[in-house]
Structure formats: C-alpha cells, structure tokens
Amino acid sequence: MKKSVLAALIFAAFNVFAADTIVFEPARPAAYPLVAARAAVDAKDWTKAIGLLNQMVRDEPRNADAYNLLGYSYRKQAQPNLPKAFESYQMALKLNPNHKGAHEYIGEAYLMDNQPDEAQKHLVQLEKICGSKSCEEYEDLAKALANFRLQAPRK
C-alpha cells in the first residue's frame, strides 16, 4: 500500500511540474532564470543564487523581484554581505516602492545591522502598503522587531 501511495505522489509531482512548463513559453522567457534562482534560494545554495541573480539583474535591470532575492541571498550567506544586501534591497525599492518583500527583508537586514529604528520605518511602510497589520510581510517584520527588542540589552 505504501508503495502505491508513493508512486501516486511521484506521478502527481511530475504532472504538476509538466503543467508548470507552460510558463516557459516564448511569451515569458524571463521566467526561467527567476525560477532557477528561487530553487537555489530554497536549497540555500547562496553562491549559485547570487550568480544567477546577478546575471538576471544585468539582463533585466528593472526586475525588482530579482533585486529583492539578490539582497536576500547576500544576507542569508554564512558570512552575510550586508552592504550588498542593502544595495540590492534599495534598488528593488527604487524600482517598486511598494514591494512588500523588499520592505520586510531590508527591515530584517537593518536588525542584523543593529538599526531597529530603520527597521521600524519599513514596518510603518508595510502597514501603509498592506492597508493593515495583517499581511504576512508586516507580521514577519513585526515579529522580528519584537524579538530584537526582547533580546536587546536594557539601558
């Protein structure tokens, strides 16, 4: 019985992937590099993700999502490169001032850089963009900011 369930899951996974390949039609050739970069990010292969995303932003210099993921990849490396992360997030926000992911991630980068007031500014922006305090990006940054403040030494 277990083998048949496993076989059904594998078959279903291949069918889902096959259906996804429609995205890669000539009408959307730029989608593939972003999918490959997201896969590298999911695998925590930061070197590969950074390489793919740097190529992508050279090819598509107006792609805010690519800059956002590039910043995320720089930030999540074993040795975070915060200057490059900030540069990437700022470019994403320049291209799309309402990019919720970039606001969340740059806020988290500011916390890593011990700048909670800067993170708070992005939390305020997220509340305006989301129209409330209930979007995922707002909630994630609010939680990170609260945790930062709990761990901060008392003066």
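Just so it is clear, the structure is predicted and the values come from calculations on it, not from any experiment.
- A distance-only check finds a donor-acceptor pair linking the side chain of H103 to the backbone of P97 [under 3.5 Å].
- Taken to the nearest 0.5 Å, the CD atom of Q115 stands 5.5 Å off from the CZ atom of F86.
- For the salt bridge (charged side-chain N to carboxylate O under 4.0 Å, His left out) condition, the pairs that include at least one residue of residues 72-100, sequence neighbours left out, are R75-E108.
- Residues Y138 and L93 are members of separate hydrophobic clusters, defined by side-chain heavy-atom contacts under 4.5 angstrom among Ile, Leu, Val, Met, Phe, Trp and Tyr.
- Closest non-hydrogen pair, P116 versus L111, comes out as CA-CD2, 3.8 Å.
- With values rounded to the nearest 0.5 angstrom, R38 atom CZ is found 4.5 Å from L34 atom CG.
- Under a hydrophobic-cluster definition in which Ile, Leu, Val, Met, Phe, Trp and Tyr are linked whenever side-chain heavy atoms come within less than 4.5 Å, directly or via other members, L126 and M112 are assigned to different clusters.
- Under the 4.5 Å side-chain heavy-atom criterion for grouping Ile, Leu, Val, Met, Phe, Trp and Tyr, L141 is not connected to I129 through any hydrophobic cluster.
- Scanning all heavy atoms of the two residues, the minimum distance from N96 to A64 falls at CB-CB, 3.9 Å.
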Could you give the side-chain donor-acceptor pairs of residues 67-74 under 3.5 Å, partners two or more places apart or in another chain?
from : atom 1 : to   : atom 2 : distance (Å)
N68  : OD1    : A102 : N      : 3.3
S73  : OG     : L69  : O      : 2.9
Y74  : OH     : N54  : ND2    : 3.2

Taking distance alone, no hydrogens or angles, what donor-acceptor pairs closer than 3.5 Å link side-chain atoms of residues 130-137 to residues at least two apart or in another chain?
from : atom 1 : to   : atom 2 : distance (Å)
S132 : OG     : S134 : N      : 3.2
S132 : OG     : S134 : OG     : 2.8

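- Between I106 atom CD1 and L82 atom CG the span is 10.5 Å, to the nearest 0.5 Å.
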* To do: Check the pair E127 / L123 against side chain to side chain contact (heavy atoms under 4.5 Å, CB included), numbers first and verdict last.
  => CA-CA 6 Å; E127 184 177 0; L123 188 64; over 6 Å; no
* Kindly indicate, with the supporting measurements, whether the criterion side chain to side chain contact (heavy atoms under 4.5 Å, CB included) is fulfilled by D65 and H99. => CA-CA 8 Å; D65 291 332; H99 196 292; 2.7 Å; yes
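- Inter-residue side-chain proximity for P33 and Q55 is flagged as unmet; no heavy-atom pair is nearer than 4.5 Å.
- V124 is not connected to Y89 by any chain of hydrophobic side-chain contacts under 4.5 Å among Ile, Leu, Val, Met, Phe, Trp and Tyr, and they are in different clusters.
- Annotation for V41 and A49: closest pair CG2-CB, 3.8 Å, computed over non-hydrogen atoms.
- Residue L53 holds its CG atom at 10.5 Å from CZ of R58, rounded to the nearest 0.5 Å.
- Between N114 and F148, the closest side-chain pair of non-hydrogen atoms falls below 4.5 Å.
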